[in-house]
There are 2 protein chains.
Amino acid sequence: MPSTSALPDTGKEAAHVPQYLALRDRIAEGIESGKLAPGGRLPSERQLQLDSGAARGTIREALFQLEAEGLIYRRDRSGWYVSPPPVTYDPTRWAGFMTYVTEQGRTPSTETLSTEEVPAAPAVADIFRVAPGSRLYVVTRRRLIDGRAVLVERITVDPKLAPGLCEHSLNGSLTQILSSHYGLAVVRNRMDMRPCALVKDVADGLGVKAGTPGLLVVRTSLDKQGRVVEYDQEYWRHDSIRVHVDLTVKD
Amino acid sequence: MPSTSALPDTGKEAAHVPQYLALRDRIAEGIESGKLAPGGRLPSERQLQLDSGAARGTIREALFQLEAEGLIYRRDRSGWYVSPPPVTYDPTRWAGFMTYVTEQGRTPSTETLSTEEVPAAPAVADIFRVAPGSRLYVVTRRRLIDGRAVLVERITVDPKLAPGLCEHSLNGSLTQILSSHYGLAVVRNRMDMRPCALVKDVADGLGVKAGTPGLLVVRTSLDKQGRVVEYDQEYWRHDSIRVHVDLTVKD
DNA sequence: TAGTGGTCTAGACCACAGA
DNA sequence: CTGTGGTCTAGACCACTAG
């Protein structure tokens, strides 16, 4: 019995591939083959609709998929773009953002969004071993690679260890300042990492939609006396970072 | 001029909150308040439709949002469920999965999906410093916490270091076996972590939809002589893991 | 078999970016 | 101003889970 389909029979009862995944594959191929360069812009959703004949919802499903994979990202109401490659982050090397991004042939930059002195919430007070309500410096910064915002961070520092910190220019290496101006040397580094969704605050700072996937890296830097030098919460775009650790085993 | 809206005026020109985010908030509140216990099931999408009056697409947007945040997960065509809390993973402690999951008051289990002997691809051959095409053991396992699959891993081992490995039961600690039966002691651990999307293979193993967000952890374990004891690619559900590292600074 | 989520359509109006 | 993505509706049929 002949097939009623106009399409050729593959001879294999191939598992049904949803349309949005087929579309995803086509776009991904365009990216991997280099037809679309990193930073380059994809055709608009409505254009893709015309090209593929699919409904816009289906198109968007394919785009969301690629976004989750880190292949593309969006600029709000501007369009979809091909993601640049991620940078590698090694927390065991005490090199700051500016250093390791440069080492990887990219151009880092930093913007200070705010510097405040705020009363310590109980959880933070506990970390710094100060009384709840004590004043702490909180610096909010945005860091960019090749002009694209990749992370928003919130750094907390105890003013007792670094009085007058906020008078410095904080657009360079904060580690550098803490070390050279205040003699604070970090000998221990505690880190927590977990996938998260970027909440509105952060998302706005990165110019992404609230709820897009991200990676939260929390670093606690300690000096020889075990004092907390720096408590840093970094919210990364999920497509911009790879963490690499090389370590000798304890236990 | 009086408002034509039937809704009370808040007095604040509150930023417009999309309907799906408002719905997200309502569900999130239900979870955080404990009305919905971890592992518990959410009302069906169609039920939520009746409750909220929104279109199903809007309901699903809210659910996707919560999924991205790690608050809920789905079982294909069965329903949406509240995510259990994540486990903390410390790569500097040489404790295996079975150990640290148990320590955190959860119940681990392991299933071996396959054990094969395959020719080394160039990239892998390079890691093991063997000729491309050399035979290597590849073990695929699924690991569960409290009966829920949280990761699929693909472990590669050089048969020269652990001949006959596949004859052992591999549902326990592989590290243990390598140590006690073959005298292979790991002294160095290299790790790479990055957010990813789970491809079909892995997604099927975890019982999730292809493309859901995940975390890829690649571990390379080395012994005193610098030989690769174990090369392990772990694909985690993104809501199931937190990585914690505590280290002394090199540079 | 009944109910669930998975996929898909074909519209609509909006807020905002950018020329 | 035009075009972009962001949100939303109201349907439809399918594949699969689970009782």
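The sequence lines fix the lettering, A, B, ..., with proteins before strands; numbering per chain opens at 1.
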Could you tell me whether A:R56 contacts a base, only the sugar-phosphate backbone, or nothing, with contacts defined as non-hydrogen atoms closer than 4.0 Å?
base
A:R60 near the nucleic acid: base, sugar-phosphate alone, or nothing, with a heavy-atom cut-off under 4.0 Å?
base
Between [X] and [N], is there a side-chain N or O to OP1/OP2 distance below 4.0 Å?
X	N	result
A:T58	C:dT9	yes
A:S78	D:dT4	no
B:Q19	D:dT9	yes
B:R41	C:dT4	no

Quick one: [X] [atom1] to [N] [atom2], roughly how many Å, whole number?
X	N	atom1	atom2	answer
B:Q65	D:dT7	CD	C1'	14 Å
B:H16	C:dA15	NE2	C1'	10 Å
B:W80	D:dT17	CH2	P	16 Å
A:R46	C:dA12	CZ	P	12 Å
B:Q49	D:dT9	CD	C1'	10 Å
B:E61	C:dG5	CD	C1'	16 Å
B:I59	D:dC8	CD1	P	11 Å
B:E45	C:dT7	CD	P	11 Å

Quick one: stems involving DNA chain D, counted as three or more successive Watson-Crick or G-U pairs, both distances short of 3.5 Å.
C:1-18 with D:1-18
To the nearest 0.5 Å, how far apart are CH2 in B:W80 and CG in B:L66?
8.5 Å
Salt-bridge present (A:E69, A:R24; N to O < 4.0 Å):
yes
Sorted by position of nearest nucleotide on DNA chain C, 5' first, the leading residue of A:L21 and A:R77 is A:L21
Salt bridge (Lys or Arg N to Asp or Glu O under 4.0 Å) between A:R148 and A:D239, intermediate numbers included:
CA-CA 12 Å; A:R148 176 184 177 227; A:D239 63 356; 2.9 Å; yes
Exactly one of A:R219, A:R141, A:R154 clears side-chain hydrogen bond (donor to acceptor under 3.5 Å, both in side chains) with A:D232, and that residue is A:R219
Does A:R75 get its side chain close enough to the base of D:dG5, under 3.5 Å, for a donor-acceptor pair?
no
Any donor-acceptor pair under 3.5 Å from A:H238 side chain to A:E67 backbone
yes
Set of residues satisfying side chain to side chain donor-acceptor pair (under 3.5 Å) with respect to B:R194, sequence neighbours excluded
none
Kindly assign one of parallel, tilted or perpendicular to the pair A:Y100 and A:Y89, based on the angle between their ring planes and the thresholds 30° and 60°.
parallel
